[in-house]
2 protein chains.
Amino acid sequence: MLSNACQYAIRSILYLSIYSDKDNKIGVKKIAEELETPQPFLAKLLQQLTRSDLVSSTKGPNGGFFLSTANKQNAIWDIVTNIDGSEKFDQCFLGLARCEDKNPCPVHHITAPFKKKILADFKDKTIAVFTEELKNSRKIISLKEFDALQQN
Amino acid sequence: MLSNACQYAIRSILYLSIYSDKDNKIGVKKIAEELETPQPFLAKLLQQLTRSDLVSSTKGPNGGFFLSTANKQNAIWDIVTNIDGSEKFDQCFLGLARCEDKNPCPVHHITAPFKKKILADFKDKTIAVFTEELKNSRKIISLKEFDALQQN
DNA sequence: AAGAAAACAGATAAAAACATCTTTTTTGTA
DNA sequence: TACAAAAAAGATGTTTTTATCTGTTTTCTT
Ligand code: FES
Ligand code: FES
């Protein structure tokens, strides 16, 4: 459903949301290692996210990526649209040209409620709120250390 | 989530399940037109499905594709595994190496119930039963004539 | 000022998915 | 038996996604 690129992007931003701030920047190398993603690919991705103001960065020694307070006011949905475009969730699960309640495909009654739920999750909360909820639950963004979120 | 190929395959088989039998074969051309899919691509796909005994066919004039009674005893899941492999629904929505209740990603609580439902739908019913249910509801498999299933 | 660390930019490459084209084989029908 | 219709098979082409590589620019530290 989501491209690899988009999955990497979401997890990176959640990672940065948890572990970084403007006094605590993190390099691609570290992020790629923690999330177990291909490093050069992630670098490109972070560049794009930076250009789109979804992530912040500084060059030079002790530079790296971080999420500014402003960045944290975005929603997951902003990441998705930036990487995969906004039509990803409009598509019919079985490939009909249009997905609509009026002319439902055979699995529409299952997929439609799912899409609605996950879209609400992605659109309605800021990264800040989203992350805050993660911290209070037992969710993980990497298998490498799957208590990453419980360390705080 | 499902590849184009797999979506075409499912819709083709449902189409054949409704409109064909061994005395009423349908050619690729007709199927591709009705489902609005690329014709040569669908031809290849139907060949593969035939080799895998998910679809039946005969060559020559008045030949074409159809579903035998045996073919209709398969499940949608058999199509999915044949085209996309069996791991499609095991994967984590955010790209974690493993999707499991024990170490859930931030959207696992939404995606897991969805997967469970759709897998049940795909695994537990035969094509025959699946199609019978479609006929009794208002579901469509093509926008071309979106009352296709109501014509019976 | 020199050097190093880091992001940035642009080019390139590899793989997978998607799609088409050409030829062959089978089989019903005139 | 000749012909035509249709699937089958195999080769080829295109696009998208994923990934890497090489060099440049910025900026901190010494
Ligand atoms: S119409 Fe197929 S998923 Fe909505
Ligand atoms: S762990 Fe991510 S979807 Fe299950």
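In the text below, chain A, chain B and the rest are named by the order of the sequence lines, each starting its count at 1.
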* To do: For B/Leu42, answer base if it contacts any base atom (sugar-phosphate contacts may also be present), sugar-phosphate if it contacts only those atoms, and nothing otherwise; contact means non-hydrogen atoms under 4.0 Å.
  => nothing
For residues 37-45 of chain A, run the donor-acceptor check on the side chains, cut-off 3.5 Å, and write out each pair with its distance to 0.1 Å, sequence neighbours left out.
{"from": "A/Lys44", "atom 1": "NZ", "to": "A/Gln47", "atom 2": "OE1", "distance (Å)": "3.4"}

* Asked: Can you check whether B/Asn4 reaches B/Tyr8 side chain to side chain, under 4.5 Å on heavy atoms?
  -> yes
* Structure fact -> From CD of A/Gln47 across to P of C/dA6 the rounded distance in Å is 15 Å
* Evaluate the side-chain proximity of B/Glu34 to B/Ser142: yes if any heavy-atom separation is below 4.5 Å, no if none is. => no
* **Minimum heavy-atom distance between B/Thr111 and A/Ile118, given as atom pair plus value** => CG2-CD1, 4.0 Å
* To do: State, to 0.1 Å, how close B/Asn71 and B/Asp53 come at their nearest heavy-atom pair, and which atoms those are.
  => ND2-O, 3.0 Å
* To do: Send over the distance from B/Lys29 NZ to D/dA4 C1', rounded to a whole Å.
  => 14 Å
* Asked: Are there more than 12 heavy atoms of other residues, nucleotides or ligands under 6.0 Å from atom NZ of B/Lys117?
  -> no
* To do: Using atom CG of A/Leu35 as one end and atom P of D/dA19 as the other, report the distance to the nearest whole Å.
  => 14 Å
* Taking DNA chain C as the partner, which of residues 57-66 of chain B come within under 4.0 angstrom of it by heavy atom? -> B/Lys59, B/Gly60, B/Pro61, B/Asn62
* Sole residue of B/Leu119, B/Asn82, B/Asp124 in side chain to side chain contact (heavy atoms under 4.5 Å, CB included) with B/Trp77 -> B/Leu119
* **Atom-to-atom span, CD1 of B/Ile31 to C1' of D/dA6 - whole angstrom** => 12 Å
* Figure out the CD/P separation between B/Gln39 and D/dA8, and round it to whole Å. => 13 Å
* Using a 4.5 Å cut-off on heavy atoms from C-beta on, say whether the side chain of A/Ile83 contacts that of A/Gln48. => yes
* Rounded distance (Å) that lies between atom C1' of D/dA5 and atom CD1 of B/Ile26 -> 16 Å
* Structure fact -> When rounded to whole Å, the NZ to P distance for the pair B/Lys30 and D/dA5 reads 18 Å
* Asked: C/dA7 phosphate, OP1 or OP2: any side-chain N/O from A/Arg51 under 4.0 angstrom?
  -> no
All N/O contacts under 3.5 Å from nucleotides 15-18 of chain C to the protein, with atom names and distances to one decimal?
{"from": "C/dC18", "atom 1": "OP1", "to": "B/Asn4", "atom 2": "N", "distance (Å)": "3.4"}

* Would A/Phe66 end up clustered with A/Val28 when hydrophobic side chains under 4.5 Å apart are linked, directly or stepwise? -> no
* **Whole-Å gap separating P (D/dG13) and NZ (B/Lys44)** => 16 Å
